[in-house]
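Structure first, commentary second.
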Amino acid sequence: MNHIAPKKLFIKTYGCQMNVYDSDRMADALAPHGYMPTQDIGDADLVLLNTCHIREKASEKVFSELGRLRELQTERRATGGDMMIGVAGCVAQAEGEEIARRAPMVDMVFGPQAYHRLPDMLAKAEANRHLHPALRRSVVDTDFPEEDKFAHLPAAKKDVTIGRGLTAFLTVQEGCDKFCSFCVVPYTRGAEVSRPVAQVLEEARRLADAGVKEITLLGQNVNAYHGEDGSGRAVGLGELAYLLAEIPGLQRLRYTTSHPRDMDDALIAAHRDLPFLMPYLHLPVQSGSDRILKAMNRKHTSAEYLALIDRIKTARPDMALSGDFIVGFPGETDADFEDTLKIIRDTGYASAYSFKYSTRPGTPGANLTEQVEEAVKVERLARLQELVNQQTADFHASCVGKTLPVLIERVGRQAGQIGGRSPYLQAVHLDGSTDLIGAIHDVEIIGTSTNSLVGRLKQAVAA
Ligand code: SAM
Ligand code: SF4
């Protein structure tokens, strides 16, 4: 494909960090075909919506966004220009042909397993543009490929991958075989697949060479990672952490999201042995009621979760925990909800995400009849969030007076201020020179604000 002038690509990303990573890979895949990223949608020759299916009414939100894009496309054509539109991600995977039918001005619809085929789809869609409008059809690709999509995606490049340049996401695992009864992920992202160890290490080395200091490994169930090494042996996330710790220049490792059932001894040992592995763990439990956990098909009890937390804290006593909670799962009684508040009190979270249950068509949960009233869900969510917010505030307050290593990443909002992250993923602000950006410095925590810590520089630590 030869383009005379560079074209502009605008990607709107919804949802999780895995989508952020995927959007960057799509930009990488299109760069050799002349598409350069723009932040201005009005300027774009190609607009991609990288959608997320996890939230309520996700599809309707995409259709209303497409309505706005159609107006933009019409305006553009009225002045002799054009704008192509693609819908990617989990809504595209779930709705496929329905998007093509309801929004025929969309040029491409493709699921998360098809990103490496994006240049081919684009070539087909560009050829379609020359057809009479009545003959045009959206190019739809929602197949799950046999081949390894990561092997076909271009390697991560510094400018598009790493935002501010010091931290980066790296997807190591995709899909899920757990089939929690509320969740669409196994249907939209497909079966659980892990990238081979050598591929992950190579991408991590490239990122480190480009100046990245902290990598967050991503996966729908990242601790189910079991990538093959050169001899065909499955390597778990714990062992992978030791291998990544050897990469020169890389100073911090994080991973998200984990499932309690995949938190094995090797990974817990890695937390004990590797200061490089940050003491922050996002380990959703969803509910504290064994009855609801069973109905959710989580395959663990609340006692097993708490015993796991004990083992993790024995290995790494300062581990900060984060979680996800769903309130109002069908059949959830007041007593079940009280069990959820109890597990939150027993665990003690540094942060947590919480959601009102909402039905996802096609999931087993959609067949459950005992729906909880909206007003009850609203009230439970508010009570849960109040408890978690208090725990977050207590956790921040417990840091005051301590000295924490902070990766200084950016200029602060106020003049003379810089900001970064503590090992526990808290935002930290302090006064200091921009020369400090890019390295880890010891910072004494002197106060807190709603969502962050306030610090004072202690001493420089060798980068
Ligand atoms: N794999 C992770 C795990 O097992 O914990 C979570 C992945 S899911 C993309 C992110 C979160 O969205 C879930 O942990 C759950 O709390 C929430 N979620 C998923 N489906 C939901 C639904 N139908 N209603 C409300 N919240 C939902
Ligand atoms: Fe969804 Fe996570 Fe359950 Fe998999 S383990 S089905 S991604 S909630």
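These numbers were taken from a predicted model, which means no experiment stands behind them. Counting convention: from 1, in listed order, for ligands and their atoms alike.
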Open item on the list: Between Y225 and Y255 (judged by ring centroids, cut-off 6.0 Å), do the two rings come close enough to count as a pair?
Closed with: no
- [ ] With heavy atoms under 4.0 Å as the rule, classify the contact between F179 and ligand 2 as side chain, backbone, both or neither.
- [x] backbone
Task: Test: R117 cationic atom under 6.0 Å from F110 six-membered ring centre, within 45° of axis - done: no
- [ ] Please confirm whether R298 comes under 4.0 Å of ligand 2, counting heavy atoms of the residue only.
- [x] yes
- [ ] Answer yes or no as to whether an N/O/S atom of C180 is found below 2.8 Å from atom 1 (Fe) of ligand 2.
- [x] no
Task: Nitrogen or oxygen atoms of D324 and ligand 1 under 3.5 Å apart - done: yes
Open item on the list: Please tell me whether Y349 and F325 form a close aromatic pair, meaning their ring centres lie under 6.0 Å apart.
Closed with: yes
Task: atom 21 (C) of ligand 1: nearest protein contact (heavy atom, Å) - done: F182 CD1, 3.7 Å
TODO: Around atom 16 (O) of ligand 1, find the nearest protein heavy atom and jot down its residue, atom name and distance.
DONE: Q286 OE1, 2.8 Å
Open item on the list: Return the closest protein heavy atom for atom 1 (N) of ligand 1 as residue, atom name and distance.
Closed with: Q220 O, 2.8 Å
TODO: Please confirm if an N, O or S atom belonging to C176, backbone or side chain, lies less than 2.8 Å from atom 4 (Fe) of ligand 2.
DONE: yes
Task: atom 22 (C) of ligand 1 - nearest protein heavy atom and its distance - done: S358 O, 3.5 Å
- [ ] Just jot down the ligand 1 atoms closer than 4.0 angstrom to any heavy atom of P284, in number order.
- [x] 5 (O)
Task: Atoms of ligand 2, numbered as shown, that sit under 4.0 Å from any heavy atom of N221 - done: 4 (Fe), 5 (S)
Open item on the list: Below the 3.5 angstrom mark, is there an N/O of T359, backbone or side chain, next to an N/O of ligand 1?
Closed with: no
Task: T38 side chain near L9 side chain, heavy-atom distance below 4.5 Å - done: no
Task: For atom 25 (C) of ligand 1, closest protein heavy-atom neighbour - done: K356 O, 3.4 Å
Open item on the list: Looking only at side-chain N and O atoms, does T392 offer a donor or acceptor that is under 3.5 Å from a partner on N389?
Closed with: no
